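For clarity, every value in this text was computed on a predicted model and none was experimentally measured. By convention here, the first residue in the shown sequence is residue 1.
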Amino acid sequence: MLGLSSASSAASIAAALTLSLVTTSYAAVTPRKLGPSINTDAREIGVSASPDGRFLYITREDEPLTPVEAAAAAKARPKPKDTCTQLRELEQQMPGSMPADLLQRCATTGIETPKTAPSAPQPRQTPQRIFVAERGTDGEWGLARPLGLQSEGSRSTSIVTILPDNNTLVVLGDFPERGTDCARGPGQKPKPGASCAPYWLVQRRGSGWAAPRRLDIAFATQATRTTATVLPNLQAMLLDMKRDNGRGGRDLYYAAATSESSFAAPINLGPQINTPANEAAASLAADGKTLYFASDRAGGTGGFDLYVTRRLDDSWQKWSTPRNLGPGINTARDEASITVDASGQFAYLISTDPKSLEDIFEFALPPELRPEPVAFVFGTVRDPAGKAVPAGISYDRLADGRFEGRASADLETGSYQIALPVGTHYGFRAVAAGYAAVADRIDLRGAAIEARYRRDLLLIPLEAGRTIRLNNLFFEMNAAELLPESKSELDRLVALMAANARLQIRIEAHTDAVGSDSANLALSSARAAAVARFLAAARVDPSRVESRGFGETAPASSNDTEQGRALNRRVEFRVLSL
C-alpha cells in the first residue's frame, strides 16, 4: 500500500497510475462462461456484482416456457382442421372459388389430410426480470432465483446496480406511485415538464424489498437504449445519453446527488472520456475512482469494447487516458458491460457466445486494472434495548470532516455494511428520526485489502434522562483545546439542537483516574465548557446548554487497564428536556 505524505507525492502517484494505464502490456485473460446456475436458454443481458463478491444480480429476458407452461400451451393449441372442412369453409366464403372435382371427392370418398408433427411451443417474448445468485462457501455460484421485484403489468425490470451495503438496489422499471407529478391513473399521463426518469431506489426489508422510490433526475436521451449506475457512496449517478450538446453518439454524464433521491442536472464527462462514437455502460468501482465503460470508438477489436480509466480529482473532468482492456476480454463481438467486485479479483461481462445468445462470463482482472483497495465495515444498528432500528449510515473523513457517503441498514434486521477506501481515518454513524447517534471511528491507514471489521452501532432515543456519548471529540493531551477532527461531531450536535428547538442538554465530561482528583475535575470541567462554547458560537442559545465536569468520579469502566481508561476519558451529553 502507498502512503501519501504530501500533495506532491499524491500527484506523482496519480501520474504513475496514468502512465501505467497507457504503457502496461496486459497478461492474457481468458473469460470463462458461467454454468447453468447463471446462464440459461434465456438472454442474460445485464449483470451487477455486489462489491463484497457475495451476490450476482442478473437481468434476463425471453425466458423459455417452463414444462408446465409448455404443456398448457400444447393443450390450448387448436387442432388442425381436415382438408375437406377447410375446402367447404372457403367455398362458403367465396362461392365458386374451389374446384368442383375436389368438392365432389369430399362428398364421396373424402380427401386424406397429410399428417404432420405438432410444432414445438416457441420461446416467449418475456419482459426483463431480475434474478439473484449467492456465492457458496465452495466459491461456486448457487442457482439464480427470481428477485420478486417486478414492474407493473408486463413491463420490464432490470438491474442497474447493487450498492456495497447489500441492502440497496437501483433498478430500471415502472412501479406504482402516488402524489407525484409522474403518478398515472387509468388514462392519465405524467404532468408536462415532470422529471420521470425510469430509475428507482429499492431497500431491503428482511427477506423482501420495500416499495421502490423513483430517483429524481433530469433524464432525456435521443437514443433508443440507455444505461446508468449510482456511485457506491450514493453521492452521484453516471448515465449515458445522446443529446444535442453531446460529442456525437451516446455520451457519459455525471449528476451529483442533492438529496437521498434527487440529483442535479447531468454534466458531460468531457473529451477525455467521450468521443464522436458511443460511450455507455459506466461502472464505477467501490474505490470511487476506477471507471469501466463500453465504447465502439475507433481502434477497438470490433463492436463495443470495454475500457478503464481513473478519476484524477473531484471535478469529474480529469481522467487518465482510457485504456482498452485488451484481447481475451474484448473480442470482435460486442462486450456490452462489465461489473467488478471491490477487489477486482472477479469481474463479469456480458458477451455473445458464437453458439448462443448473451451470456455472463467471469474473469480475473490483471492487477494493474483493478480498483484501489477498500475495506468493509459491517454490523447491526440497534437501540439500547437491543431492538433493530431501520437507519441510514453516514461516514466522513475525520481529518477534515468531509462527508464521504451514505448507505442503508436493512429495514427489518438493522444489518449494514459500508466499503471504505483504505488509507484514511473515518468517522461513521447511524441516522434515524427520533434518535441520537453514538458515532464510531475506524483508522484504515494501515488496513489490509478487503479487511472486514465488525462495528455495531447504537442509536439512543431522544428522551429526557438519556445520555449520548460523543465518541469523535478529540482534545490536545491534558488540555481542553478541541482538535480540528472534532468538527464533524460538533456540527452534528449543532444540527440536532437546530432540529429540536425545545431540546435542552448538559455537556458532561469525564477523565480516567491518572493524576490528582482536583486536576482531573478541572480538566473535565474545562473540556465540557469548551464544547458549550462551540455550540454558543454556532448560535445555539446558551440557555439550552449546561456544562459540567465529573473528573474521575463516574467511570464507565475499570481504571486498571489502558482500554478501560480510554473508555473513561469521554464527553457525553445528557437530555434534560424536550
(request) Would you check, one step at a time, whether the test salt bridge (Lys or Arg N to Asp or Glu O under 4.0 Å) holds for Arg570 with Asp512? (result) CA-CA 9 Å; Arg570 67 196 190 278; Asp512 58 25; over 6 Å; no

(request) Might you work through the side chain to side chain contact (heavy atoms under 4.5 Å, CB included) test for Glu372 and Lys289, ending with a clear yes or no? (result) CA-CA 8 Å; Glu372 296 181 19; Lys289 296 180 179 179; 3.8 Å; yes

(request) Take Glu485 and Lys487, measure what salt bridge (Lys or Arg N to Asp or Glu O under 4.0 Å) needs, and give me the verdict at the end. (result) CA-CA 6 Å; Glu485 292 88 341; Lys487 189 174 186 302; over 6 Å; no

(request) Dump the intermediate steps for salt bridge (Lys or Arg N to Asp or Glu O under 4.0 Å) on Arg454 and Asp456, then the final yes or no. (result) CA-CA 6 Å; Arg454 185 176 185 98; Asp456 293 331; 3.2 Å; yes

(message) For Glu450 and Arg370: C-alpha separation, side-chain torsions, deciding distance, then whether salt bridge (Lys or Arg N to Asp or Glu O under 4.0 Å) applies.
(response) CA-CA 13 Å; Glu450 285 197 282; Arg370 294 177 184 175; over 6 Å; no

(message) Between Val230 and Val170, does the side chain to side chain contact (heavy atoms under 4.5 Å, CB included) criterion hold? Intermediate values first, please.
(response) CA-CA 7 Å; Val230 173; Val170 178; 3.5 Å; yes

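Surrounding CG of Leu231 are more than 12 heavy atoms belonging to other residues, nucleotides or ligands, all under 6.0 Å away.
With contacts defined as side-chain heavy-atom distances shorter than 4.5 Å, the pair Arg429/Asp440 does not qualify. Counting only heavy atoms from C-beta outward, the side chains of Leu482 and Phe475 approach each other to under 4.5 Å. Within the 4.5 Å cutoff, the side chain of Asn233 has heavy atoms near those of the Tyr395 side chain. Within the 4.5 Å cutoff, the side chain of Leu470 has heavy atoms near those of the Leu493 side chain. Side-chain atoms of Ile130 and Leu169, non-hydrogen and from C-beta on, never get closer than 4.5 Å to each other.
Contacts classified as salt bridge (Lys or Arg N to Asp or Glu O under 4.0 Å) and involving residues 231-242 (residues at least two apart or in different chains) are given here: Asp240-Arg250.
Under the 4.0 Å criterion applied to side-chain N and carboxylate O atoms, Arg492 and Asp396 are assigned as salt-bridge partners. Ion pairing of Asp400 with Arg402 is absent here, as no side-chain N (NZ or NE/NH1/NH2) approaches a carboxylate O to less than 4.0 Å. A salt bridge does not link Lys387 with Glu412: every distance from a Lys NZ or Arg NE/NH1/NH2 to an Asp or Glu carboxylate oxygen is 4.0 Å or more.
Judged purely by distance below 3.5 Å, without hydrogens or angles, the side chains of Thr157 and Ser151 pair a donor atom with an acceptor atom. Between the side chains of Arg310 and Thr290, at least one donor-acceptor pair of N or O atoms lies under 3.5 Å. Donor-acceptor pairing under 3.5 Å is lacking for the side chains of Asn268 and Asn245.
Heavy-atom minimum distance, Glu260 versus Leu201: O-CD2, 4.2 Å. Scanning all heavy atoms of the two residues, the minimum distance from Ala236 to Phe263 falls at C-CE2, 3.7 Å. Considering every non-hydrogen atom in both Ala342 and Ala286, the closest pair reads CB-CB, 4.0 Å. The two residues Leu462 and Ala436 come nearest to each other via the heavy atoms CD2-CB, 4.1 Å. What you find for Leu578 and Leu503 is that their closest heavy atoms are CD2-CD1, 3.4 Å. Here the closest non-hydrogen pair linking Asp165 and Ser408 is OD2-N, 2.9 Å.
Screening Glu508, Glu546, Glu463 for a salt bridge (Lys or Arg N to Asp or Glu O under 4.0 Å) involving Arg574 leaves a single residue, Glu508.
The aromatic rings of Trp209 and Tyr57 sit perpendicular, their planes meeting at an angle over 60°, well past the 30° parallel limit.
Not less than 6.0 angstrom separates the ring centroid of Tyr416 from the ring centroid of Phe378.
Remark: Leu567 CG to Thr561 OG1 distance equals 8.0 Å, nearest 0.5 Å.
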